[in-house]
Amino acid sequence: MRDSSFFEHVYEVVRLIPPGRVTSYGAIAEYLGIRGSARMVGWAMNAAHGQVTNVPAHRVVNRKGLLTGKHHFGSPALMQQLLESEGVRVDEDQVTDFAVHFWNPATELKIA
DNA sequence: TTGCTGACCGACG
DNA sequence: CCGTCGGCCAGCA
């Protein structure tokens, strides 16, 4: 890591998100040490969706658990569909039991 | 180099 | 509940 842009760091973390789990842009940003710059994380996703990278961006939602980036999946319903197929219930563009499905890299990866 | 933008976040009124 | 503002940083014209 640190050879490529910080996008690579973001991609790595996102790829580490287990199926059926979700995290927030801010959590990833904080893990990368750019806490105030959660925007960059979302922006990295924007750059990732067109790349060959296997980045499960659908597992990344905002702080409230809202699927803010669903409009960037080609189809607004795709993100929710992907999440539900992994066992994550989504209601009103919001992840239900967000706290349960929440996966914090700063915590999960720290233990390991 | 400057200036604008962005899949955010938190605070304020 | 809604709109607005500041901050944070990287990419691009």
Side-chain angles (χ1 to χ4, degrees):
Chain A
M1 16 197 239
R2 74 174 71 64
D3 290 318
S4 307
S5 324
F6 92 109
F7 294 110
E8 288 296 324
H9 297 236
V10 177
Y11 300 152
E12 272 189 68
V13 178
V14 177
R15 289 196 198 107
L16 292 175
I17 303 175
R21 298 283 194 176
V22 291
T23 190
S24 66
Y25 303 96
I28 296 174
E30 184 172 49
Y31 174 73
L32 294 177
I34 52 174
R35 188 149 75 145
S37 311
R39 293 177 157 202
M40 303 295 93
V41 179
W43 193 21
M45 297 290 98
N46 187 27
H49 79 83
Q51 308 289 318
V52 289
T53 53
N54 301 321
V55 182
H58 60 277
R59 296 186 191 143
V60 185
V61 294
N62 75 345
R63 197 61 176 155
K64 301 170 193 166
L66 295 172
L67 285 53
T68 53
K70 68 177 189 171
H71 285 289
H72 292 266
F73 283 78
S75 229
L78 181 60
M79 186 174 188
Q80 179 174 338
Q81 188 177 320
L82 289 170
L83 287 172
E84 292 187 323
S85 69
E86 293 185 352
V88 179
R89 292 181 298 171
V90 178
D91 182 57
E92 296 290 300
D93 297 340
Q94 186 176 215
V95 177
T96 61
D97 299 317
F98 180 56
V100 179
H101 294 292
F102 186 70
W103 181 83
N104 190 331
T107 302
E108 301 295 323
L109 297 180
K110 182 159 74 172
I111 299 172

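Hydrogens, waters and symmetry mates are skipped; everything else that's a heavy atom, side chains included, is used. Lettering of chains follows the sequences in order, A, B, ..., and the numbering in each one begins at 1.
- Between B:dC9 and A:Asn62, a contact under 4.0 Å exists linking OP1 or OP2 to a side-chain N or O.
- For the pair A:Arg35 CZ and C:dA10 P, the computed distance is 17 Å after rounding to whole Å.
- With respect to the salt-bridge test (charged N to carboxylate O, under 4.0 angstrom), the residues A:Arg21 and A:Glu108 do not qualify.
- Across the protein-nucleic acid pair, A:Glu30 atom CD and C:dG7 atom P stand 20 Å apart, rounded to whole Å.
- The hydrophobic cluster containing A:Val61 does not contain A:Ile28, counting ILVMFWY residues as joined when their side-chain heavy atoms lie under 4.5 angstrom apart, directly or transitively.
- No donor-acceptor distance shorter than 3.5 angstrom exists from the side chain of A:His58 to the backbone of A:Gln80, with no hydrogens or angles considered.
- When rounded to the nearest whole Å, the span between CG of A:Leu67 and C1' of B:dC8 equals 15 Å.
- Side-chain N/O atoms of A:Arg63 and base N/O atoms of B:dG10 include no donor-acceptor pair closer than 3.5 Å.
- Taking hydrophobic clusters as Ile, Leu, Val, Met, Phe, Trp and Tyr residues chained together by side-chain heavy-atom distances below 4.5 Å, A:Trp43 does not share a cluster with A:Leu66.
- Atom-to-atom, CG of A:Leu66 to P of C:dC1 comes out at 12 Å; the value is rounded to the nearest Å.
- Within the 4.0 angstrom heavy-atom criterion, base atoms lie near A:His49.
- An OP1 or OP2 oxygen of B:dC8 is reached within less than 4.0 angstrom by a side-chain nitrogen or oxygen of A:Thr68.
- No contact: A:Ala44 has no heavy atom under 4.0 Å from any strand.
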